[in-house]
Each structure stands twice: as C-alpha cells, then as structure tokens.
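Keep in mind that this is a model prediction, so the values were computed, not measured. Hydrogens, waters and symmetry mates play no part in the numbers below; they use all other heavy atoms, side chains included.
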Amino acid sequence: MRDAYHEELDSIGDGLVEMARLVGSAIGRATTAILDSDLKLAEAVIEADQKVDDLQHELEARAITLLARQQPVATDLRIVVTSLRMSADLERSGDLAQHVAKLARLRYPERAVPHDLHATILEMGQLAQRLMAKAAEVIITKDVDLALQLEQDDDAMDLLHRTLFQHLMDDRWKHGIETAVDVTLLGRYYERYADHAVAVAKRVVYLVTGEHADDLQADIQPATQVKGA
C-alpha cells in the first residue's frame, strides 16, 4: 500500500513536469506564430492548450483522491497541496501562451508586432521559455538554490517589459493605437508568464524547506552583504 501511495505522489510530480514542458513549448511556438504571422502554428498552439487543461484536471483528481484516502501529513501533505498550486500556475501559463497565439490569429495576415520591436518580443519569448525550462528542472531536482535564482532571472523580463513601454511612450511611435494595444497586451502576457514560472519555483522551495522563498531570500541577503563588505 505504501509503495502504491508513493508511486502516486511521484506521478503527481511527473504530471507537473509534463505540464511545464508543454507550456514551455507553447510559449516558444506562440512567439514564432506572432512574429511570423503563422496562422497554422497559432491554431496548433491554441488547440494544444486543451492537453494542459486535461493534465491539470487529472492531477487535481489524483491529488484529491490521495487526500481523501491516505490523509497525508507533514511533508507528504505539503507535496500534495503545493502541487495543486503549481498546477494552477502552469495551467495559467498555458493560457497566456494561448493568448499570444490568439493575437497572432486575430491579426493574420498582418503582423501584430512592428519590425522595430521584433527583437524585443523574440527575446521575451525566448526568456519565457528558458524560465519555464528552469522551473521544470527545479520540480525534478528540488534544487532550492536553482529555484531562488529564478526570481533574479525574472528581472531581465521586467527590464524587457519596461523597454516595450519606452517604445510606446516615445513621440516617434508611428504604428497607431491598435498596434500599441497589441504590444501592451503582449508585454503583459510575457511578464505574467514569467511570474508564474517564478511562482512554481518558489512553491518548490516551500515544498522542500517548509519556508517561503521570500523569507529565505531575506535571510540570505544580509549574509551576502556582510561577506562582500
């Protein structure tokens, strides 16, 4: 019975990794679709999001069954509850990738992203994909140090997000209101996607240590400053 119980716990972790890999692929493909005005690829991303939703539903069902039948305590309870929260973050990430793809479909055959912002959006898409890949690695390895690094990595996304707004506020903006709205939405989608990847990593920190990532970082920061002084 205990072997079956721990196998079920492991299967929940495997489901989370699969979700992370799917939504990581989705944001990469959605970025290509939006930049290349690729309708076929956009439709594929939109359709594929159903698999992410299905995985979340399956994971939730397994977790609830475990709670009801096994009544886990301590670390095992933390695994189940934290996994439910991670699945919600990952499902939302998939939705955000789908939003990018839907915008590509909406503007087809035109391109939603003006040429002078192509490189910035491409970088945001690539960074989002890397963040989610790292989140997947954190789920697998339970590496707390790697998990804590994600928030620092997210600073790069925040910087790119601000760069978009600088372009939008520039008096030389010549692409019109509709494109400005599209770019604003895209920036928000990528920024929120990155936030969800960071949230997944933070939840792993809590799963492993029983402490919240923000509290751990607050403890680490003063020690780092003293060491470098």
Side-chain angles (χ1 to χ4, degrees), residues 20 22-49 52 88-136 147-202 213-214 217 221 225:
L22 286 172
V23 300
S25 173
I27 198 66
R29 296 165 71 211
T31 302
T32 300
I34 196 79
L35 294 176
D36 295 349
S37 190
D38 188 329
L39 180 60
K40 184 176 181 181
L41 183 57
E43 294 282 11
V45 173
I46 294 166
E47 183 178 348
D49 187 56
V52 175
D89 283 312
L90 293 168
E91 189 275 334
R92 185 59 185 146
S93 299
D95 287 345
L96 290 163
Q98 187 184 58
H99 291 341
V100 174
K102 284 183 175 179
L103 185 56
R105 182 176 67 180
L106 178 66
R107 297 301 175 217
Y108 180 83
E110 302 299 325
R111 297 194 180 196
V113 180
H115 180 72
D116 52 335
L117 289 179
H118 189 286
T120 302
I121 294 298
L122 176 61
E123 191 172 354
M124 292 181 87
Q126 291 173 339
L127 177 57
Q129 196 167 8
R130 289 197 301 272
L131 284 167
M132 191 55 72
K134 189 174 284 189
L148 293 173
Q149 287 175 19
L150 254 78
E151 190 158 20
Q152 297 175 2
D153 296 340
D154 183 47
D155 291 343
M157 183 66 81
D158 293 337
L159 180 59
L160 288 167
H161 195 206
R162 288 195 295 271
T163 298
L164 282 184
F165 275 99
Q166 289 170 358
H167 280 278
L168 292 169
M169 300 301 293
D170 196 312
D171 292 338
R172 293 169 293 179
W173 178 264
K174 59 182 184 297
H175 304 296
I177 294 175
E178 183 177 85
T179 301
V181 171
D182 288 346
V183 169
T184 300
L185 287 172
L186 280 173
R188 182 60 174 162
Y189 296 154
Y190 286 113
E191 188 265 340
R192 288 299 298 143
Y193 183 102
D195 286 346
H196 283 295
V198 171
V200 168
K202 284 184 172 183
D214 292 341
Q217 287 173 322
Q221 190 66 30
Q225 291 175 345

What are the two closest heavy atoms between A42 and R105, and how far apart are they?
CB-N, 4.3 Å

Over 12 non-hydrogen atoms of neighbours within 6.0 angstrom of CD in E123:
no

Residue pair H118 / L35: nearest heavy atoms and the distance that separates them:
NE2-CB, 3.6 Å

Please give me the minimum heavy-atom distance between V45 and A26, naming the atom from each residue.
CG1-O, 4.0 Å

Which heavy atom in A112 sits nearest to a heavy atom in L103, and how many Å separate them?
CB-CG, 4.3 Å

Which residues share a ring pair (Phe, Tyr, Trp, His ring centres under 6.0 Å) with H175, sequence neighbours left out
W173

Would a 4.5 Å heavy-atom cut-off, applied to side chains only, mark F165 and T184 as touching?
yes

E47 side, atom CD; Q98 side, atom CD - distance, nearest 0.5 Å:
10.5 Å

Q129 to S25 - nearest heavy-atom pair and separation:
NE2-CA, 4.2 Å

So which atom in I34 and which in A104 form the shortest heavy-atom distance, rounded to 0.1 Å?
CD1-N, 3.3 Å

What distance do I27 atom CD1 and T32 atom OG1 have between them, rounded to the nearest 0.5 Å?
10.5 Å

Does any non-hydrogen side-chain atom of V52 lie less than 4.5 Å from one of S93?
no

Got D158 and D155 here, is their nearest side-chain heavy-atom distance under 4.5 Å?
yes

Nearest 0.5 Å, please: how far is NE2 in H99 from CG in D49?
9.0 Å

Measuring from atom CG of L117 to atom NE2 of H167, what distance do you get when rounded to the nearest 0.5 angstrom?
5.0 Å

Which residues pass the side-chain contact (heavy atoms from CB on, under 4.5 Å) test with L185, not counting sequence neighbours?
V181, Y189

Atom pairs and distances, side-chain donor-acceptor, residues 192-200, under 3.5 Å, sequence neighbours left out:
| unit_1 | atom_1 | unit_2 | atom_2 | d |
| --- | --- | --- | --- | --- |
| R192 | NH1 | D195 | OD2 | 3.0 |
| Y193 | OH | V23 | O | 2.8 |
| Y193 | OH | G24 | N | 3.4 |
| H196 | ND1 | D89 | OD1 | 3.0 |

Find out whether Y190 and L127 are in side-chain contact, i.e. whether some heavy atom of one side chain is under 4.5 Å from a heavy atom of the other.
no

Atom pair CG (L164) and CD (E191), whose distance is rounded to the nearest 0.5 Å
11.0 Å

Looking at S37 and E110, would you say the former's side chain and the latter's main chain have a donor-acceptor pair under 3.5 Å?
yes

Evaluate whether atom CG of L159 has more than 12 neighbouring non-hydrogen atoms of other residues, nucleotides or ligands under 6.0 angstrom away.
yes

Let me confirm one number: the CD1-OG1 distance from I121 to T163, rounded to the nearest 0.5 Å.
10.5 Å

L90 vs M132 side-chain heavy atoms within contact, under 4.5 Å:
yes

